[in-house]
Amino acid sequence: MRADPLLELAAELLRANTREGYLAGRRHLFTVPSPHRYRFQWHWDSCFHAIVWAEIDVERAKEELRSLVARQTPAGLLPHIVYWDPRLVHRWQAPYLESSGLDWVIPGRKPRASAQMQPPVAAQALEAVVAGCANDRFLHELLPPIARHYRYLASARDPDRDGLVSIISQFESGLDFSPLYDREPGEVDPSPSRLRARARSAQALNKLCNHDPRLVFRVNPAHWEDVLVNSVYVDGLATLARLAARIGDAQLERWADTRARASLDALLDRCYDESSGLFFTLAGRREKRLAVRTIVSLIPLVVEALPPEVAGRLVEHLTDPSRFWARYPVPSVALDEPSFVPVAELRGHRCIWRGPCSLNTNWLLCRGLRRHGYHEPADALAERSRELVERGGFNEFYNPLTGEPVGARDFGWATLAAVL
Ligand code: GLC
């Protein structure tokens with residue numbers, strides 16, 4: 001492990017957040033996002049944990065990814081959440097848990113995994129882990145299940161076959177209560193109980209459909225072609241193509257490469273707004289563009305094949321102090337957006353992703369800045385992210401105006417600050 005006091009603290013936290021679970025007699029290790037609040041295994045958290053683990057202990061990083069794929073569904077989905085310890089699942093959580101409908105109808109049956117997805121970062125995590133492996137054995141083991149997840153998203157989650165993956169719940173976006181998902185996107189000071197009720201009723205409808213995407217797309221108008229999800233998907237496909245080439249899997253390489261190009265074309269075609277120089281998520285069957293300026297609009301920067309002039313416009317927004325370049329970048333909602341709030345609460349109730357910054361999105365943007373040759377803002381972003389953690393500890397979010405920690409403490413993916 002590289003000598004860095006921050007990386008040592010990161011290792012300490014990830015070790016403390018490590019838990020075990022059993023499946024078919026096999027012991028699995030995973031990292032909980034925060035022992036105080038999130039006690040299961042979350043998909044993209046685990047991918048980010050694996051990226052940091054890879055710098056600390058590559059064998060442990062491999063275990064993180066093995067547990068991530070252990071509960072893959074027969075269709076290929078890698079679930080949003082794996083409930084390794086069902087005793088921690090309480091009935092009152094039912095409206096929030098995205099288990100299949102039956103799990104809550106059959107008495108005594110508890111869900112083992114969510115039936116939904118989260119932003120797919122597994123290919124990027126796999127690439128980070130195999131970079132530290134002496135041979136390709138682990139790549140041969142993990143590439144097939146991870147590739148299957150990307151294929152599943154292409155076949156089950158793109159009902160209009162336009163190349164863009166659709167999410168069927170705001171929780172699948174990874175940015176739960178972003179103002180994008182308000183009844184009128186970008187509401188100012190909405191009531192948190194109304195926001196929750198709305199999310200809950202969409203979840204209830206999904207459960208009634210047993211999370212069958214074909215049914216959900218027909219009966220539930222609450223679905224989105226989300227810019228963050230699709231950007232990390234395109235980046236993931238390009239990564240898959242590289243990994244497939246490394247082990248000579250020409251068929252997977254061709255598929256991933258073709259799909260990456262089609263999805264990027266669709267992002268540019270349908271989500272890019274030339275006049276503002278930003279990307280916007282599309283809502284519902286009518287594909288209404290949600291012109292609220294959130295961090296989601298900048299994430300396409302992570303795509304290596306993004307045309308340089310488009311990347312340049314995103315960097316202008318990112319580095320603008322009146323919009324995204326806060327004292328502590330990068331806020332999850334633009335500073336000049338009326339719905340922006342710097343804390344993780346609304347009217348005293350927890351309501352996340354409406355302004356505070358998070359280190360996983362900083363990681364994505366740093367990756368994008370470096371890929372497009374913007375090393376100076378990338379270094380500045382890395383430095384400020386480290387500062388946040390050095391001052392306030394590993395936290396779920398930070399106030400972008402003051403740097404104060406907000407949300408859950410001892411938070412796993414904040415360790416990314418040590419590897420930016
Ligand atoms: C919240 C976040 C989500 C994250 C989860 C666990 O629900 O919105 O992105 O994966 O917490 O940390």
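Along the sequence shown, the residues carry numbers beginning at 1. The structure presented is a predicted model; accordingly, all values stated were derived computationally and were not measured. One-based numbering, in listed order, for ligands and for the atoms of each.
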For ligand 1, which atoms sit closer than 4.0 Å to a heavy atom of [X]?
X: Q118; value: 3 (C), 4 (C), 9 (O), 10 (O)
X: G174; value: 2 (C), 3 (C), 8 (O), 9 (O)
X: W44; value: 3 (C), 4 (C), 9 (O), 10 (O)
X: F411; value: 12 (O)
X: P33; value: 6 (C), 12 (O)
X: D45; value: 4 (C), 6 (C), 10 (O), 12 (O)
X: I352; value: 1 (C), 8 (O)

Say you draw a straight line from NE2 of H49 to CD1 of I56; how long is it, rounded to the nearest 0.5 Å?
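Spacing of NE2 (H49) from CD1 (I56) equals 10.5 Å.
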Rounded distance [0.5 Å steps], CD in E304 versus CZ in R242:
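One finds 6.0 Å between CD of E304 and CZ of R242.
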If we set the cut-off at 4.0 Å for heavy atoms, which region of W353 has an atom near ligand 1: side chain, backbone, both, or neither?
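Side chain only; the backbone of W353 stays clear of ligand 1.
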For a 4.5 angstrom cut-off between non-hydrogen side-chain atoms, does S231 reach F279?
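No, side chains not in contact.
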If you have a sec, work out which protein heavy atom is nearest atom 7 (O) of ligand 1 and how many Å separate them, to one decimal?
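Closest protein heavy atom to atom 7 (O) of ligand 1: D176 OD2, 2.8 Å.
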Enumerate the residue pairs fulfilling salt bridge (Lys or Arg N to Asp or Glu O under 4.0 Å) with a member in residues 410-420, sequence neighbours excluded, ordered by first and then second residue.
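Every candidate salt bridge (Lys or Arg N to Asp or Glu O under 4.0 Å) pair involving residues 410-420 fails, so no pair, neighbours aside, qualifies.
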Hey, is the main chain of L29 close enough, under 3.5 Å, to the side chain of S67 for a donor-acceptor pair?
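Yes.
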Using modelled atom types only, decide if a donor and an acceptor are shared between the side chain of S155 and the backbone of R151 within a distance under 3.5 Å.
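Answer holds: yes.
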Regarding ligand 1, does E396 bring an N or O atom to under 3.5 Å of one of the ligand's N or O atoms?
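No: no nitrogen or oxygen of E396 is under 3.5 Å from one in ligand 1.
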So for ligand 1, is W413 a polar contact partner (N or O within less than 3.5 Å, distance only)?
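Not met; the criterion fails.
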Is the distance between the ring centroids of Y181 and W224 under 6.0 Å?
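Ring centres of Y181 and W224 closer than 6.0 Å.
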Does anything in residues 259-269 form a side chain to side chain donor-acceptor pair (under 3.5 Å)? List the pairs, not counting sequence neighbours.
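Sorted pair list: D158-R259, D257-R261.
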